[in-house]
Amino acid sequence: MGKVMSVVSRKLNRFNVENRAHRILEREKPVAAPKYEANLRDMERTMELDPNFLEKLNKKDSALNERLKNVYVTSEDRFIDYGLQRSQTSAEKQLPLARNTPEDFEFGYMEPQRITVGRCTLRQALKFITDHQSEPEKFTPAKIAEDYKMKPELVDNILKYFRSYNIYIPDQRSNDSILTQAKRNLLTDKPKDES
């Protein structure tokens, strides 16, 4: 029902709109918009100070009108046609001066210059994790927390859940012995019992 009412009211508002607009424009002076109470109070105060205020307000000031006619605005801006810039061929475009790629950061991102208390960078975390793994008696979680000004619970969790990679290189002789045992087992079809 709401849509029907809005369509009907719109049709009524637009009915004979052109003739109504011409009638309003043909009037000698348009009707002023209603004023706010604060504006009316201001006008009363100015009328007390200057009794000819209403006459000045309704009268056209010819001196002001002549001064306004002498005002000209000139613009110093230049028109930039962006369409021309887009239509340039690739040969006309300037190539970049530096053609080398920027160096990558060590850990993939730029490390901050200033570190907030209670936080650490990835470099610092890797350092104290490897220190703890190599010498756990010397680099205890309490000492690490004290050195890096971090909460001991946070350092405990970091050391518990994160480890640095260890390289494991198997002994070549033991690897050969495992392969020879596997070959023997396949040939005899008897899997060797693991003890």
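Each side chain to side chain donor-acceptor pair (under 3.5 Å) pair with one or both residues in residues 153-164, not counting sequence neighbours, appears once here: Gln133-Ser164.
Crowding of Arg14 atom CZ: a count of heavy atoms from other residues, nucleotides or ligands under 6.0 Å not exceeding 12.
Nearest approach of Met47 to Phe53, heavy atoms of both residues: CG-CD2, 4.0 Å. Taking every heavy atom of both residues into account, Pro141 and Val155 meet most closely at O-CG1, 3.7 Å.
Remark: Lys143 engages Asp147 in a salt bridge (charged side-chain N to carboxylate O under 4.0 Å, His left out) (not counting sequence neighbours). With sequence neighbours excluded, the residues satisfying salt bridge (charged side-chain N to carboxylate O under 4.0 Å, His left out) with Arg123 are Glu106, Glu111. In this structure, the salt bridge (charged side-chain N to carboxylate O under 4.0 Å, His left out) partners of Lys56, at least two apart in sequence or on a different chain, are Asp50. For Asp42, the salt bridge (charged side-chain N to carboxylate O under 4.0 Å, His left out) criterion is met by Arg45, not counting sequence neighbours.
The CE atom of Met150 sits 4.0 Å away from the CD1 atom of Ile158 when rounded to the nearest 0.5 Å. Distance check, rounded to the nearest 0.5 Å: CZ of Arg10 to CE of Met5 gives 12.5 Å. The CG atom of Asn65 lies 10.0 Å from the CG atom of Asn70; values are rounded to the nearest 0.5 Å. Going from atom NZ of Lys11 over to atom OG of Ser6 covers 11.0 Å, rounded to the nearest 0.5 Å. A distance of 10.5 Å separates CG of Asn39 from CD of Glu37, quoted to the nearest 0.5 Å. The NZ atom of Lys149 sits 11.0 Å away from atom CD1 of Ile115, with the distance rounded to the nearest 0.5 Å.
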query: Can you list the steps and then say if Asn16 with Arg23 is a side-chain contact (heavy atoms from CB on, under 4.5 Å)?
result: CA-CA 11 Å; Asn16 203 13; Arg23 247 185 280 142; 4.2 Å; yes

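Hydrophobic cluster membership is shared by Phe162 and Leu154, with clusters built from Ile, Leu, Val, Met, Phe, Trp and Tyr side chains linked at under 4.5 angstrom. When the side chains of ILVMFWY residues are joined at heavy-atom separations under 4.5 Å, either directly or via intervening members, Met43 and Leu49 end up in two distinct hydrophobic clusters.
Contact annotation: the side chain of Pro112 approaches that of Thr121 to within less than 4.5 Å [non-hydrogen atoms, C-beta and beyond].
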Between side-chain atoms of residues 125-132 and protein atoms elsewhere (two or more places apart, or another chain), which donor-acceptor pairs fall under 3.5 Å?
residue, atom, partner, partner atom, Å
Lys127, NZ, Asp131, OD2, 3.0
Thr130, OG1, Leu126, O, 2.9
Thr130, OG1, Lys127, O, 2.9
His132, ND1, Phe139, O, 2.7

